[in-house]
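Comments concern the structure below.
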Amino acid sequence: MSAPAVAPPAATDPPRPRGRFTELNELARTTPGVLTILTVGLVLVSVLVGVLTAVAVQTRVTALDDLATRSGPLSVAAQDIYRSLSDADATATSAFLAGGEEPADQRARYENDIAQAESALAIAVASREPADVTAADSPLAILSAKLSVYTGLVETARANNHQGLPVGAAYQREASNLMRTELLPAAEELHRSTSAQVNERQDEAGGLPLLEVFLGLVAIGALVAAQLFLRRRSNRVFNVGLVAATAAALVALIWVLVATLGARANVDDARDVFTSVDGLAEARVDALTARADETLTLVARGSGAAFEEDFLDAYERLERFLRGVGASWAGFEGQAIDQLETAGRTLGPWIETHANIRTADDGGDYTRAVELAIGPGDDGAAARFDTIDSNLAEALEQTNARYTDEVSQAGNALTGAVLAVIVLAVIMAAGSVAGIWQRLKEYR
């Protein structure tokens with residue numbers, strides 16, 4: 001019997017070379033591979049959280065720096081332009097009433113007002129974008145072009161007044177009309193726009209630190225999850241490196257939270273004070289407007305009914321402001337309150353003197369009316385107005401200083417926070433690497 005045929009062995013495919021992806025995939029299935037991936041992930045989380053948190057805090061720092069060096073000073077410059085122009089107009093009309101050679105102190109005050117307006121205008125021009133200056137209808141362009149026209153009209157009125165020519169009154173009214181219809185509206189628009197910028201920066205600096213808290217919790221959550229994972233794999237309760245990294249994340253979160261909340265409290269206070277500053281600046285302009293109207297009514301010599309109506313409107317706005325702040329004194333403190341109280345007490349005597357001016361003027365005693373309006377007596381309208389104006393000016397200066405102090409304190413609260421976040425993020429990353437490296441060495 002013949003032996004059965006033996007089948008030849010089946011051909012087998014040659015082993016295929018393993019690709020890089022396959023090797024990495026197999027490595028990822030091992031404990032060392034998982035630990036390596038975990039390390040890379042924690043380092044990325046630490047870096048991203050540190051960078052994003054530092055950027056968020058730096059945004060607040062930048063906004064506060066802008067409030068301190070640009071938006072804030074620009075707002076003050078806009079206030080100065082508005083106030084200086086209003087005072088210049090009031091002073092010029094008072095000086096015109098004196099006739100002939102106007103009092104030297106009034107002339108000096110007028111020139112000082114114009115110089116301050118020009119200086120504040122230069123600051124505003126330097127702080128704004130070129131388009132805000134070159135556009136023909138922009139507030140800065142109007143102020144730059146029309147201020148010299150106004151001063152020219154005042155000088156023409158003054159020259160005619162010195163010569164006793166009646167046409168001087170027409171020039172003075174034209175100058176005041178230019179001030180009220182173009183210059184002051186432009187200054188008011190500039191003030192509104194700068195105030196809006198200040199409010200935007202305050203919002204940026206004083207917002208709730210939601211992003212910073214979220215990022216901090218993400219970092220802490222990732223590190224705690226990594227420790228729980230290692231505990232299941234190694235049966236060890238603590239990992240020193242990860243504990244250090246978690247502590248660094250917790251310190252960063254607390255640091256940022258305390259710093260941003262402290263800055264936010266100062267910004268909120270600054271916001272309230274800024275509102276008071278705005279109201280006080282407008283009240284002072286109302287006082288200056290009323291004073292200019294009071295004297296322009298006399299300059300008009302019988303045709304000043306519109307000026308008298310404007311006087312009453314401005315006076316009522318001023319009275320409403322002082323009565324309103326007196327009810328709560330919100331946003332004011334210390335000497336500013338005393339000065340506002342003094343201004344409020346002087347309102348009554350001023351309106352009484354004004355009534356006497358109108359009685360004398362309407363009764364044909366023009367000389368007496370002018371004496372009551374611009375005379376040096378303590379019971380004259382000039383003295384009453386000066387008391388109100390000086391107290392409003394001092395209150396405004398002190399309230400502005402308080403605003404600046406609040407912004408400065410907000411900036412101090414964030415001092416070092418950006419650097420601290422970066423350093424603590426590096427500690428987080430280093431602690432993560434060191435902690436997992438200890439576990440990796442056990443598999444060698």
Side-chain angles (χ1 to χ4, degrees), residues 58-89 91 108-152 154 178-206 267 270-271 273-275 277-278 280-282 284-285 288 393 396-408 410-412 414:
Q58 183 59 44
T59 299
R60 297 175 185 272
V61 173
T62 301
L64 288 170
D65 183 65
D66 184 84
L67 281 173
T69 61
R70 185 175 179 275
S71 298
L74 182 56
S75 178
V76 173
Q79 287 179 16
D80 286 343
I81 294 172
Y82 199 8
R83 194 276 316 162
S84 297
L85 293 179
S86 296
D87 193 60
D89 193 43
T91 304
R109 179 169 176 168
Y110 166 79
E111 292 176 343
N112 184 57
D113 284 332
I114 296 300
Q116 287 184 357
E118 291 174 340
S119 176
L121 184 58
I123 294 173
V125 168
S127 301
R128 303 287 278 193
E129 298 295 330
D132 294 333
V133 181
T134 57
D137 59 346
S138 70
L140 288 176
I142 292 172
L143 289 166
S144 299
K146 299 294 185 179
L147 182 56
S148 60
V149 177
Y150 170 79
T151 56
V154 170
L178 175 63
M179 176 67 73
R180 291 159 182 261
T181 59
E182 297 194 53
L183 287 171
L184 287 181
E188 184 177 8
E189 184 179 347
L190 178 64
H191 182 237
R192 281 199 304 267
S193 65
T194 57
S195 295
Q197 286 185 355
V198 169
N199 288 326
E200 288 176 5
R201 297 298 176 268
Q202 288 174 161
D203 290 341
E204 291 176 9
V267 169
R271 195 192 309 274
V273 175
F274 185 74
T275 300
V277 167
D278 260 359
L280 188 50
E282 291 177 6
R284 192 179 180 202
V285 169
L288 291 165
L396 181 59
E397 181 180 354
Q398 291 174 13
T399 309
N400 261 321
R402 185 181 164 207
Y403 172 78
T404 301
D405 183 60
E406 292 291 351
V407 171
S408 176
N412 292 339
L414 292 175

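Computation of the quantities below employed the complete heavy-atom set of this structure, encompassing side-chain atoms and omitting hydrogens, waters and symmetry-equivalent molecules.
- In this structure, the side chains of Glu189 and Pro185 stay at 4.5 Å or more apart for every pair of heavy atoms.
- Using a distance-only test at 3.5 Å, with no hydrogens or angles considered, a donor-acceptor pair links the side chain of Ser193 to the main chain of Leu190.
- To the nearest 0.5 Å, atoms CZ (Arg284) and OH (Tyr82) are separated by 13.0 Å.
- In this structure, the side chain of Ser195 engages the main chain of His191 through a donor-acceptor pair within 3.5 Å.
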task: For the pair Asp87 and Gln116, evaluate side chain to side chain contact (heavy atoms under 4.5 Å, CB included) and give the outcome as yes or no after the intermediate values.
output: CA-CA 11 Å; Asp87 193 60; Gln116 287 184 357; over 6 Å; no
task: Decide side chain to side chain contact (heavy atoms under 4.5 Å, CB included) for Leu64 and Val267; before the verdict, give the C-alpha distance in whole Å, the side-chain angles of both, and the deciding distance to 0.1 Å.
output: CA-CA 9 Å; Leu64 288 170; Val267 169; 3.8 Å; yes
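- Taking a cutoff of 4.0 Å between a charged side-chain nitrogen and a carboxylate oxygen, Arg201 and Glu204 qualify as a salt bridge.
- Among all heavy-atom pairs drawn from Ile81 and Ala117, the shortest one is CG1-O, 4.0 Å.
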- prompt: Step by step, would you call Asp89 with Arg180 a side chain to side chain contact (heavy atoms under 4.5 Å, CB included)?
  reply: CA-CA 9 Å; Asp89 193 43; Arg180 291 159 182 261; 3.9 Å; yes
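- Distance check: Leu67 CG to Asn199 CG gives 9.5 Å after rounding to the nearest 0.5 Å.
- Closest heavy-atom contact between Gly206 and Arg60: C-NH1, 4.0 Å.
- Residues Asp203 and Arg271 form a side-chain contact, since some pair of their non-hydrogen atoms from C-beta on lies under 4.5 Å apart.
- Counting all heavy atoms, side chain and backbone alike, Tyr150 lies closest to Ile114 at CE2-CD1, 4.4 Å.
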- prompt: Under the side chain to side chain contact (heavy atoms under 4.5 Å, CB included) criterion, do Val198 and Gln202 qualify, and how do the steps go?
  reply: CA-CA 6 Å; Val198 169; Gln202 288 174 161; 3.6 Å; yes
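- Under the salt bridge (Lys or Arg N to Asp or Glu O under 4.0 Å) criterion, Asp113 pairs with Arg83, not counting sequence neighbours.
- A side-chain contact (heavy atoms from CB on, under 4.5 Å) with Leu85 holds for exactly one of Leu183, Leu121, Val285; it is Leu183.
- Contact check for Gln197 versus Arg70: side-chain heavy atoms found under the 4.5 Å cut-off.
- Taken to the nearest 0.5 Å, the CG atom of Leu74 stands 5.5 Å off from the OG1 atom of Thr194.
- For Asn412, the side chain to side chain contact (heavy atoms under 4.5 Å, CB included) partners at least two apart in sequence or on another chain are Ser408, Thr415.
- To the nearest 0.5 Å, the span separating CG on Asn400 from CZ on Phe274 amounts to 8.5 Å.
- A donor-acceptor pair under 3.5 Å links the side-chain atoms of Thr62 to the main chain of Gln58, judged by distance alone.
- Shown here is Glu111, whose CD atom has more than 12 heavy atoms of other residues, nucleotides or ligands within 6.0 Å.
- Listed by chain and residue number, nothing satisfies the side chain to side chain contact (heavy atoms under 4.5 Å, CB included) test with Thr404 (two or more places apart in sequence, or in another chain).
- Between the Thr151 side chain and the Ser148 main chain, a donor and an acceptor come within less than 3.5 Å of each other.
- Inter-residue side-chain proximity for Val149 and Glu182 is flagged as unmet; no heavy-atom pair is nearer than 4.5 Å.
- Here the straight-line distance linking atom CD1 of Ile142 with atom NZ of Lys146 works out to 8.0 Å at 0.5 Å rounding.
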